[in-house]
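Worksheet: one structure, shown below.
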Amino acid sequence: MAKFKINGKWLLGIGYPQGPVISVAMSVINTNYKHSTEDEVRELLLQVLAAPQDYLEHALLDKIAVKLYQEEVEKPAIIPLKEEAVPYTVYGASFIDEGAVKQMTGAVHLPVAVAGALMPDAHQGYGLPIGGVLATENAVIPYGVGVDIGCRMCLSIIDLPETVLTGQYDKFKKELESKTVFGAGGILKADKDDAVLDRKEFEEIPLLKRLKDKAVMQLGTSGSGNHFVEWGIVEVLDVENKLDLPPGRYVALLSHSGSRGMGAQVANEYTKLARELCPLPQHVQHLAYLDLNSEAGQEYWLAMNLAGDYASACHHLIHKRLIKAVGGNILLRVENHHNFAWKERYEGKDVIVHRKGATPAGEGVLGVIPGSMTAPGFIVRGRGYEQGLNSASHGAGRQMSRSKALKSITGHDLRAVLKEHGVTLIGGGLDEAPMAYKDINTVMAAQQELVDIIGRFTPKIVRMADPGPSED
DNA sequence: ATGTCC
């Protein structure tokens, strides 16, 4: 029989943990057991692995046992979940996928959970589901906010009648194409002056200091995925709507985007830190949280707020450029984050409310819920419904995964539905086709308790990122 | 969502 030579891969193969014990075991075996067979060595090492405490004084194997024992003792203890979950309310349960409900069920078992809610556009995400709302006590969950921190809607209602858009359609289209920047990486080369870049957090938090150059370059850009900028028509529906605008039809600009690479890196860095500081059972490990009183928690909170303000600044620059280009003035602006965390009150106590793909809907709070590129979006006023955690959906929600949409929708299908609705699309992939989304009217009907509809936005010229290389 | 693992 060929002489057995131990190696690291073999040790990992029999179940030894990655770490310092590997080199120790190799040296011990090669020194003291060089005449043993592979089977004998395996048997011996498995016994030590199963009960290292019994071998701490062993003449030959003690070094291995000590390393194993140390790793076991030093490994941070998994934080146990609540035995009994806090309550959460589901809106539109009949069209929410099982994965999203499962994730929400995990979230309301977190030791810091106070209450939850699932919005009718919910679908499975990473950590908290998209459309998930979670109130916690003195803790913030980076992946309860999401990767695109401060992803938001911004609607500007412009002092131009509908006839200007229909009469100068080509000009509106040309400006939308030339004055927006889409795509991964996306850099805006001029017109990027904003006070957000002067914020002291960029100097005070080391991570933000490293991200500032990227933030400067990407300011005023839109990104990719489901992000868009579009011209359309707003109908103000009700004179009693507190919108301070007479009912009627107005040209409007609607945008959807977030905090670009800067926010993404903030999210990923702090969730990594949270997972080290807050080890949770595997099925909820992405919901790792930071204590708000801890240094890391306070840093994340500042960085998250800066990313939110940065996202807001991006929208404002986009709107300023485009509205100036078509010669209009803003009559009214409605805007809101839908990936963010806020300090709010719930049942009389201070909580942190995470909304990951959910629109704030406190009493009287205005928000925008988009439909799809061919379906109307809505200006809504929150009803302040506490059981729904003062929230509403952030859109129609997907009914098809991106991959399923790419497989089942053709370019012909997309062109047909655009034509039917009189919508011009610049860029945009099949995975963003209207058919990939739920029916917005069904979704709105499922959240009548949460928001009142006070205006309607109909898209006319839509700009999205160009489709990825896997598409035509 | 993000140049999709610093």
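Residue numbering restarts at 1 for every chain, and letters A, B, ... go by the order of the sequence lines.
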For residues 253-264 of chain A, which side-chain N or O atoms pair as donor and acceptor with protein atoms under 3.5 Å away, sequence neighbours left out?
unit_1: S255(A); atom_1: OG; unit_2: C154(A); atom_2: O; d: 3.4
unit_1: S255(A); atom_1: OG; unit_2: H315(A); atom_2: ND1; d: 2.7
unit_1: S255(A); atom_1: OG; unit_2: H319(A); atom_2: NE2; d: 2.7
unit_1: H256(A); atom_1: ND1; unit_2: N226(A); atom_2: O; d: 3.1
unit_1: H256(A); atom_1: NE2; unit_2: H338(A); atom_2: NE2; d: 3.3
unit_1: S257(A); atom_1: OG; unit_2: H315(A); atom_2: NE2; d: 3.2
unit_1: S259(A); atom_1: OG; unit_2: I149(A); atom_2: O; d: 2.5
unit_1: R260(A); atom_1: NH1; unit_2: T221(A); atom_2: OG1; d: 2.6

Please table the atom pairs, donor to acceptor, closer than 3.5 Å between any side-chain atom in residues 106-113 of chain A and protein atoms at least two apart or in another chain.
unit_1: H109(A); atom_1: ND1; unit_2: T105(A); atom_2: O; d: 2.8

Residues 8-16 of chain A side chain polar contacts: donor-acceptor under 3.5 Å, at least two apart:
unit_1: W10(A); atom_1: NE1; unit_2: E38(A); atom_2: OE2; d: 2.9
unit_1: Y16(A); atom_1: OH; unit_2: L45(A); atom_2: O; d: 2.7

Mind listing the side-chain donor-acceptor pairs of residues 89-98 of chain A below 3.5 Å, one per line with the distance, residues two or more places apart or on another chain?
unit_1: T89(A); atom_1: OG1; unit_2: Q387(A); atom_2: O; d: 3.2
unit_1: T89(A); atom_1: OG1; unit_2: Q387(A); atom_2: NE2; d: 3.4
unit_1: D97(A); atom_1: OD1; unit_2: G99(A); atom_2: N; d: 3.1
unit_1: D97(A); atom_1: OD1; unit_2: A100(A); atom_2: N; d: 2.9

Atom pairs and distances, donor-acceptor, side-chain atoms in residues 400-407 of chain A, under 3.5 Å, two or more places apart:
unit_1: S401(A); atom_1: OG; unit_2: S403(A); atom_2: OG; d: 3.2
unit_1: S401(A); atom_1: OG; unit_2: K404(A); atom_2: N; d: 3.1
unit_1: R402(A); atom_1: NH1; unit_2: D431(A); atom_2: OD2; d: 3.1
unit_1: R402(A); atom_1: NH1; unit_2: E432(A); atom_2: OE2; d: 2.9
unit_1: R402(A); atom_1: NH2; unit_2: E432(A); atom_2: OE2; d: 3.0

Atom pairs under 3.5 Å, N or O on each side, protein against nucleotides 3-6 of chain B: can you list them with distances?
unit_1: dG3(B); atom_1: OP2; unit_2: G185(A); atom_2: N; d: 2.8
unit_1: dG3(B); atom_1: OP2; unit_2: R260(A); atom_2: NH2; d: 3.1

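Within the 4.0 angstrom heavy-atom criterion, only backbone atoms of the sugar-phosphate kind lie near S224(A); the bases stay farther away.
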